[in-house]
Number of protein chains: 2
Amino acid sequence: MILTPAAKKFVLHWGEMGQAWGINRTMAQVHALLFVTPEALDAEEISKSLDVSRSNVSTSLRELITWGVVRRVHIIGDRRDRFEALKDVMETFRVIMAERKRREMDPTIALLEHCVVEAKLGGTSEEYTRDQLEKMLEFVRMVTLWYGHIDRLSTSALERLFRNGSRLVKLFGWISPGQDRDPATPDDVEAVESLQPNE
Amino acid sequence: MILTPAAKKFVLHWGEMGQAWGINRTMAQVHALLFVTPEALDAEEISKSLDVSRSNVSTSLRELITWGVVRRVHIIGDRRDRFEALKDVMETFRVIMAERKRREMDPTIALLEHCVVEAKLGGTSEEYTRDQLEKMLEFVRMVTLWYGHIDRLSTSALERLFRNGSRLVKLFGWISPGQDRDPATPDDVEAVESLQPNE
DNA sequence: TTTACATTTCAGTAAGGACAGAACATATCG
DNA sequence: CGATATGTTCTGTCCTTACTGAAATGTAAA
């Protein structure tokens with residue numbers, strides 16, 4: 001079980017990336033390894049490939065399975081558990097988004113709601129703070145709501161959305177709401193009609 | 001300089017959130033504090049409020065300024081530097097996105113390009129790995145390109161985009177490209193015409 | 001220029017998290 | 001029932017990073 005140079009570089013980089021996003025390095029490396037490997041690997045192989053302890057691999061795998069980006073697979077006639085990553089990038093992305101929403105956005109909304117209520121008790125002295133907290137709350141709610149809609153889209157629909165950034169600009173990019181430009185000019189309709197898979 | 005309970009809770013939570021996103025706790029706390037405080041604060045006040053050392057505050061402020069979410073302000077007749085955060089949430093969000101793109105997406109694209117080239121040298125044995133890396137690269141490129149478009153939008157336009165998630169579903173949510181549903185049915189046009197600030 | 005105040009940098013320390021190895025648990029087969 | 005293989009959990013250690021306090025640097029008034 002020796003990694004090719006390309007795989008090795010990717011695994012290392014993914015580990016760094018993980019850290020920048022608050023994810024344990026080994027965990028990110030295990031994920032990267034499984035992502036680029038055609039067959040499901042057992043813990044021993046992962047341990048050897050990344051040169052980390054079995055226990056560390058075990059913990060990382062548990063976490064990755066909890067996140068939903070890795071799953072356990074069994075091969076008949078082999079007692080060992082094997083593991084494989086979600087192989088579809090967009091799907092992986094979605095799963096991670098869903099999990100982060102659940103873990104971070106939802107509790108943040110709850111906390112902000114609490115803080116806003118509490119800040120109201122303070123009267124005028126806390127007015128500014130309350131306003132800011134309310135704005136933040138509104139923003140997080142807005143993003144969460146948006147996410148809720150986007151999450152309903154199929155992978156292919158999501159891809160269309162991503163590939164049509166320029167159309168989004170046309171659709172939403174008039175200067176000031178209702179003042180500068182009509183939202184439904186022929187241009188916009190054309191933009192919708194010409195939705196294409198490429199930029 | 002004593003924090004209200006609401007501000008305190010927010011600051012602490014923001015610190016935790018920061019960690020989950022790979023941001024130093026103190027740094028996130030300083031940002032949270034400045035965000036909910038009406039006036040610009042000097043380093044001493046921040047240090048006292050958060051109960052961390054002056055030097056730690058200094059470092060955190062430097063970082064926050066580098067990120068572009070905090071700026072130095074001067075008050076005539078006072079030698080002390082004071083600091084205030086961007087007060088607009090959406091603007092703050094944009095600045096952070098831009099910085100993360102620069103720091104993480106761009107280098108990731110560069111690395112993936114390199115890896116793909118290298119994996120091609122491996123011939124058929126690395127075929128699968130190369131495919132996966134290519135898919136990942138394509139995804140990151142797609143998101144980056146999309147971001148590039150979205151970033152051109154004004155704050156108000158961005159807000160419209162976020163508040164119209166359901167329209168996006170209508171616009172992009174047909175099942176399979178070109179097969180299941182025409183992209184520009186009357187429904188879609190209506191969806192564009194009725195863009196509204198609220199869900 | 002000196003003094004007082006502010007800020008930054010730096011070196012050592014402390015805290016937290018990652019990690020290895022051992023112990024434990026479970027399961028399969030002789 | 002051992003014996004062997006596999007998987008998990010736990011404990012202590014190590015490493016990284018955050019952090020402090022002190023020293024150095026900078027700056028503005030006296």
Side-chain angles (χ1 to χ4, degrees), chain A residues 1 11-34 39-67 70-84 103, chain B residues 1 11-34 39-67 70-84 103:
Chain A
M1 206 50 216
V11 163
L12 291 175
H13 182 82
W14 217 236
E16 299 302 313
M17 279 300 89
Q19 285 200 295
W21 289 84
I23 289 161
N24 175 286
R25 199 180 68 231
T26 305
M27 202 176 133
Q29 287 183 352
V30 171
H31 176 254
L33 174 64
L34 294 177
E39 326 80 27
L41 299 177
D42 63 58
E44 187 69 24
E45 290 172 312
I46 298 170
S47 172
K48 290 269 168 58
S49 300
L50 302 178
D51 195 27
V52 292
S53 71
R54 275 293 318 273
S55 60
N56 197 2
V57 169
S58 177
T59 311
S60 298
L61 285 170
R62 173 157 44 83
E63 268 291 284
L64 287 167
I65 290 170
T66 304
W67 273 86
V70 165
R71 67 169 195 206
R72 212 178 286 263
V73 293
H74 289 290
I75 301 204
I76 40 160
D78 194 340
R79 281 167 53 187
R80 273 170 295 189
D81 290 359
R82 291 169 176 276
F83 302 89
E84 71 176 13
R103 295 190 189 194
Chain B
M1 204 52 216
V11 164
L12 291 175
H13 183 81
W14 217 236
E16 299 303 314
M17 279 300 88
Q19 285 201 293
W21 290 82
I23 289 160
N24 176 286
R25 199 181 70 231
T26 305
M27 201 177 134
Q29 286 182 353
V30 171
H31 176 253
L33 175 63
L34 293 176
E39 326 80 27
L41 299 176
D42 62 57
E44 186 71 23
E45 289 172 313
I46 297 170
S47 171
K48 290 271 169 57
S49 300
L50 301 179
D51 194 26
V52 292
S53 71
R54 272 296 316 275
S55 57
N56 196 4
V57 169
S58 178
T59 310
S60 297
L61 285 170
R62 173 156 44 82
E63 268 291 285
L64 286 166
I65 290 168
T66 305
W67 274 84
V70 164
R71 68 170 194 205
R72 214 175 285 264
V73 294
H74 290 289
I75 301 208
I76 40 159
D78 194 341
R79 282 167 53 187
R80 273 170 297 188
D81 291 359
R82 290 167 176 279
F83 303 89
E84 71 176 14
R103 295 190 188 193

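Below, chains carry the letters A, B, ... as their sequence lines are ordered, and counting in each starts from 1.
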Are any of the side-chain heavy atoms of B:Leu50 and B:Val57 separated by less than 4.5 Å? no

D:dT8 C1' sits how many Å from A:Phe83 CZ, rounded? 11 Å

A:Leu41 CG to D:dG7 P, straight-line distance once rounded to whole Å: 12 Å

Partner set under salt bridge (charged side-chain N to carboxylate O under 4.0 Å, His left out) for A:Glu44, not counting sequence neighbours: A:Lys48, A:Arg54

To the nearest angstrom, the CD-C1' distance between A:Glu45 and D:dA5 comes to 15 Å

Determine: side-chain N/O of A:Arg72 to OP1/OP2 of D:dT6, distance under 4.0 Å, yes or no. no

Between P on D:dG7 and CD on A:Glu44, what's the gap in Å once rounded to a whole number? 9 Å

Residues in side chain to side chain contact (heavy atoms under 4.5 Å, CB included) contact with B:Asp51, at least two apart in sequence or another chain: none

Residue list, side chain to side chain contact (heavy atoms under 4.5 Å, CB included) with B:Asp81, at least two apart or on another chain: B:Arg72, B:His74, B:Phe83

Compare every heavy atom of B:Ala28 with every heavy atom of B:Gly18, then report the nearest pair and how far apart it is. CA-CB, 4.1 Å

Ion pair check, A:Glu45 and A:Arg82, cut-off under 4.0 Å: yes

When you look at CZ of B:Arg71, are more than 12 heavy atoms from neighbouring residues, nucleotides or ligands closer to it than 6.0 Å? no

Using heavy atoms to find the nearest nucleotide of DNA chain D for A:Gln19 and A:Arg62 separately, return the residue whose nucleotide is more 5′. A:Arg62

First and last nucleotide of DNA chain C, 5' to 3', lying under 4.0 Å from heavy atoms of chain B: C:dA4 to C:dT9

Run the side-chain hydrogen bond (donor to acceptor under 3.5 Å, both in side chains) test against A:Ser47 and tell me which residues pass, sequence neighbours left out. none

For DNA chain C, the residues among residues 49-57 of chain A that have a non-hydrogen atom under 4.0 Å from it: A:Asp51, A:Val52, A:Ser53, A:Ser55, A:Asn56

Interatomic distance, B:Ile46 CD1 vs D:dT20 P [rounded to whole Å]: 14 Å

Listed partners of B:Arg79 passing side chain to side chain contact (heavy atoms under 4.5 Å, CB included), at least two apart: none

Of the residues in residues 74-81 of chain A, which ones touch DNA chain D at a heavy-atom distance under 4.0 Å? A:Arg79, A:Arg80, A:Asp81

How would you list, by chain and number, every residue that makes a salt bridge (charged side-chain N to carboxylate O under 4.0 Å, His left out) with A:Arg80, sequence neighbours excluded? A:Asp42, A:Asp78

With sequence neighbours left out, the residues meeting salt bridge (charged side-chain N to carboxylate O under 4.0 Å, His left out) with A:Glu63 are none

Pull out every residue in residues 21-28 of chain B that has a heavy atom closer than 4.0 Å to any atom of DNA chain D, ordered by number, or say none. B:Asn24, B:Arg25, B:Thr26

Donor-acceptor pairs are to be reported for all side-chain atoms of residues 19-26 of chain A against protein atoms at under 3.5 Å, with residues two or more places apart or in another chain.
from    : atom 1 : to       : atom 2 : distance (Å)
A:Trp21 : NE1    : B:Glu104 : OE1    : 3.0
A:Asn24 : OD1    : A:Thr26  : N      : 2.9
A:Asn24 : OD1    : A:Met27  : N      : 3.0
A:Thr26 : OG1    : A:Asn56  : ND2    : 3.4

First locate atom CE of A:Met17, then atom CG of A:Leu12, and finally report the distance between them rounded to the nearest 0.5 Å. 12.0 Å

